[in-house]
Amino acid sequence: MANKLNPRQHIAVHYIDGPCLVLAGAGSGKTSVITRKIAYLIQQCDMPARHIAAVTFTNKAAREMKERVSKLVNGAAARGLTVSTFHNLGLNIIRRELKHLGYKSGFTIFDAEDAGSLLKEIMLKDGDMDTDLVQSVQNQISNWKSGLVEPQQALEHAQSSGEQTWALIYERYNKALRAYNAVDFDDLIRLPSQLFATNAEALGRWQQRIRYLLVDEYQDTNSSQYQLVKQLIGDRGALTVVGDDDQSIYAWRGARPENLSLLKEDFPTLEVIKLEQNYRSTARILKVANELIAHNPHDFDKTLWSDLGMGEPLRLLRCSTEDAESERVATEIITQRLRRQCKFRDFAVLYRGNHQSRLLELKLQHHQIPYNISGGTSFFARAEIKDVMGYLRLLVNPTDDNAFLRIINTPRRHIGTGTLEALAHYATDREVSLLAACDEVGLQTVLPKKGLERLREFSLWLSRVRDNCHNNEPVAAIREMVEDIDYEGWLYQNTSSPTVAEKRMDNVWTLIDSIRNSLEKHEDETASNEERVNQAVSRLMLQDLLDRQEEEDVTDRVQLMTLHASKGLEFPHVYLIGMEEELLPHRNSIEENNIEEERRLTYVGITRAQKTLTMSLAATRKQFGEKVDTLASRFLAELPDEDIEREGFAPVSKEQLEKKGAETFSSIKKLFD
DNA sequence: AATCCTGGAGTTTTT
DNA sequence: CTCCAGGATT
């Protein structure tokens, strides 16, 4: 958007005299404000780009922002600009301050799965606890970490012996991470913030480096992220944050929307600028959205408006069953596409829970409507990627036992559970890593010859790969490694069809290719091969360079996604399905009395629509096998009647509805024939 | 090691 | 109902 800024946007971009909060409603051009402000700082304020940092929550947002900045500022001037996720910024800080943090080069970043298995191990060994609780303990630890609670404090505040046990596990977990030279995702924020609290010199270095900070989606920050922001800013006030309290939908994973209000207290000179002009939706859609969200309490009042015209009324379809609902949406898309002369990609179907997509998929397939589901298994969660990453992680960090266990028998090396258990036992006793234990002399006393031989062979092989990687061309060494283990052959053997195996192998090459990219892009003459590979792998562990992969199917397809996944996106025609009590608002949220967040979720859904919005519900729905009568969502009652056309609210028999569906469909079929 | 059976649960998700 | 994990069975 190189177009003109509106007056409010203009103020937001040019205000640099102090901390600045931009309350940016949905579709009000917040990304423009951030990118234009970066350009303004560089071009008009002569601030070197390397002293500016912009922080977002997702890699995708960061990428998009980088692109938009580079269109505004010429490449040379933008050199050194930091646009990254919170986690990536944290990673960079940790990397630079390794020695002050007591970590060694080549540390590992544990993902949720790794962290979970580590916890499980701890709970089995030290606590003799029910492993069903692993998930809950993991959540609790994440909450503690993002809420800046140290194990010590957790222990002190424990109200029961149960809580005490959890706090102790938390402590052991942190110690174990250090032993593995590993950090988890929360540590990427927590450790820098901890360092800055205790080490004024380090803080000074980074305050020197970052002289202006911009934060996107501020309502999604958690306590430790806010802490980090405050530390970096100090008393200089060189801060712009952009956010929308009405779009806070991640409180359940630690986000603190009240961080927006806290800004006013922590920065008394805070300048608050509201962006209320919406460039996305019709006035009618905004009117409905405004009415809905007005039912939530507000610290900041905000009313979206647009000059895109009133637009069509919204529609609300009440179908007999969830089957009829999906069928209706599918046939609607066919008719509307023809009537409005638009593309499949102009339609999005939004829903509360992933399971709601299943029926929809069936119906869309049946009508041969191309669609795309966002979510599901990400590129990074794929087994083949985790396997190869396991090798890379072990290459970079020999103490990474999780990686060791993942790959020791992938492909098969005929090392049985008995051998591994003995190895693990030995390693725990000596307090060395599994890989290191393989080479210890004492091991032969506890292991059969064959098992020992195989372990030694593996260890020797890996150190050869490591040497090769450090002394020669790293990417070639990694390719050789993958060929050496005949991963391809293993894939073909262990996959149902050759085409699937081929695709998986493609993914592996993509992964290796992105390492090549990463090494080229971050060419650091001073760093050794080892250091460069370490850095590339740790970036990969944040799936930084990889998730663009998923975007390449932005062809002409209907978009299916959860309400959560839809945040930040927009579509000409939106279907919001399942507008029922217990679904939206979700049953659990009703129980937890968390209606406000559900209302915001609905608000996010409504404000995705540019031209038309159609909501739907089913009168009955199968729940865990049995048919249940549903209740219309309470949110529907909060919307203005005069802007919504209702259909299916007079008693309509199932036969009639089906007939209607069939009629629409056959009339369309004629058009095709 | 691979497969079958049983029981329990059943939101949202990024890094 | 449908999916998963984990145990039991082959």
Side-chain angles (χ1 to χ4, degrees), chain A residues 55-62 84-92 94 109-116 120 130-132 134-135 138-139 142 145-146 183-190 216-217 220-222 224-225 247-255 322-323 350-359 362 374-381 409-410 412 414-418 493-494 538-547 550 561-568 578 580 582-592 594 597-598 600-602 604-605 621-628:
Chain A
V55 190
T56 64
F57 276 84
T58 63
N59 288 314
K60 194 176 152 201
S84 74
T85 60
F86 263 106
H87 295 266
N88 227 316
L89 177 65
L91 174 65
N92 281 328
I94 292 173
I109 301 165
F110 273 15
D111 65 14
E113 202 186 311
D114 299 317
K120 193 169 172 183
D130 192 348
T131 51
D132 289 354
V134 170
Q135 190 61 52
Q138 197 174 353
N139 283 339
S142 180
K145 286 194 175 184
S146 57
V183 300
D184 64 18
F185 283 130
D186 297 313
D187 284 344
L188 291 172
I189 315 294
R190 189 186 64 110
D216 191 17
E217 303 278 16
D220 289 340
T221 51
N222 61 34
S224 70
Q225 286 160 337
Q247 292 189 70
S248 160
I249 54 176
Y250 286 112
W252 53 273
R253 70 176 201 221
E322 73 265 43
D323 198 74
L350 311 181
Y351 37 80
R352 177 65 231 259
N354 275 315
H355 64 276
Q356 289 174 266
S357 71
R358 192 177 301 163
L359 250 183
L362 283 174
S374 76
T377 35
S378 72
F379 184 75
F380 226 73
N409 263 324
T410 310
R412 297 262 162 265
H414 307 287
I415 298 169
T417 48
Q493 218 169 27
N494 289 68
S538 60
R539 265 195 305 274
L540 280 174
M541 289 188 279
L542 277 183
Q543 54 178 273
D544 188 10
L545 306 134
L546 279 175
D547 43 14
E550 306 189 15
M561 66 188 84
T562 63
L563 287 163
H564 284 91
S566 76
K567 195 169 87 159
E580 297 154 29
E582 311 229 299
L583 247 185
L584 184 63
H586 193 274
R587 181 190 296 163
N588 298 358
S589 299
I590 297 173
E591 274 166 23
E592 290 160 31
N594 207 0
E597 182 146 317
E598 297 287 307
R600 289 193 289 268
L601 201 47
T602 311
V604 165
R621 184 177 293 271
K622 274 212 197 86
Q623 254 173 30
F624 309 141
E626 60 176 340
K627 215 170 199 190
V628 179

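On a predicted model such as this, the values are computed, not experimentally measured, just so you know. Computation of the quantities below employed the complete heavy-atom set of this structure, encompassing side-chain atoms and omitting hydrogens, waters and symmetry-equivalent molecules.
Taking atom CG of A:Asp111 as the reference point, atom C1' of B:dT13 lies 13 Å away to the nearest angstrom. In this structure, A:Glu217 atom CD and B:dT14 atom C1' are separated by 12 Å, rounded to whole Å. Taking atom CG of residue A:Leu359 and atom P of nucleotide C:dC3, one finds them 12 Å apart after rounding to whole Å. Taking atom CD of A:Glu597 as the reference point, atom P of B:dT12 lies 14 Å away to the nearest angstrom. What separates CH2 of A:Trp252 from C1' of B:dT12 is a distance of 4 Å, to the nearest Å. Here B:dT15 presents its C1' atom at 13 Å from NZ of A:Lys145, a figure rounded to the nearest Å. The distance between atom NZ of A:Lys60 and atom P of B:dT14, rounded to the nearest whole Å, is 10 Å. We find that CG of A:Asp186 is positioned 15 Å from P of B:dT14, with the value rounded to whole Å.
Comparing A:Glu592 and A:Ile415 by the nucleotide of DNA chain B that holds the closest heavy atom to each, the one mapping nearer the 5' end is A:Ile415. For the pair A:Ile249 and A:Thr85, nearest-nucleotide mapping onto DNA chain B gives the more 5' position to A:Ile249.
Closest approach to the A:Asn588 side chain among B:dT11, B:dT12, C:dG6 is made by B:dT11 (side chain taken as heavy atoms from C-beta onward). Nearest nucleotide to the A:Phe624 side chain, out of B:dT12, B:dT11, C:dC1: C:dC1. Comparing B:dT11, C:dG6, B:dT14 by their closest approach to the side chain of A:Arg253 singles out B:dT14. Closest to the side chain of A:Arg412, from the set B:dT13, B:dT11, B:dA2, is B:dA2. The side chain of A:His355 approaches B:dT11 more closely than any other nucleotide in the set B:dT14, B:dT15, B:dT11. When the nucleotides B:dT13, C:dC3, B:dT11 are ranked by their closest atom to the side chain of A:Arg352, B:dT11 comes out on top. Closest to the A:Ser589 side chain, of the nucleotides B:dT15, B:dT11, C:dG6, is B:dT11.
The aromatic rings of A:Phe86 and A:Phe57 sit tilted relative to each other, their planes meeting at an angle between 30° and 60°. Using a 30° and 60° split on the angle between ring planes, A:Tyr250 and A:His564 fall in the tilted class, from 30° to 60°.
Between A:Asn354 and B:dT12 there is a side-chain polar atom (N or O) within less than 4.0 angstrom of OP1 or OP2. Taking only side-chain nitrogens and oxygens, A:Thr562 never comes nearer than 4.0 Å to OP1 or OP2 of B:dT11.
Using a 4.0 Å heavy-atom distance criterion, A:Phe57 is classed as a sugar-phosphate-only contact. Note on A:Glu591: nothing from the nucleic acid sits closer than 4.0 angstrom, heavy atoms only. Here A:Arg587 lies out of heavy-atom contact (under 4.0 Å) with every strand.
Between A:Lys622 and A:Asp323 there is no salt bridge, since none of the side-chain N atoms of the basic residue sits less than 4.0 Å from a carboxylate O of the acidic one.
Residues passing the side chain to side chain contact (heavy atoms under 4.5 Å, CB included) test with A:Ser589 are A:Arg352, A:His586, A:Asn594, A:Glu598, sequence neighbours excluded. Contacts of A:Arg190 classified as salt bridge (charged side-chain N to carboxylate O under 4.0 Å, His left out), with partners at least two apart in sequence or in another chain: A:Glu150, A:Asp187.
Two residues are said to be in side-chain contact when any heavy atoms from C-beta on lie closer than 4.5 Å; A:Asp220 and A:Lys567 meet this criterion.
Stacking of A:His586 onto the six-membered ring of B:dT11 is present: less than 5.5 angstrom between centres, less than 30° between planes.
With both ends at atom P, the span from B:dT12 to C:dA5 equals 16 Å, rounded to whole Å. The same atom, P, is picked in C:dC4 and in B:dT13; the two are 16 Å apart, to the nearest Å.
Taking the O4'-C1'-N9-C4 or O4'-C1'-N1-C2 dihedral as appropriate, B:dT11 has a value within 90° of 0 and is therefore syn.
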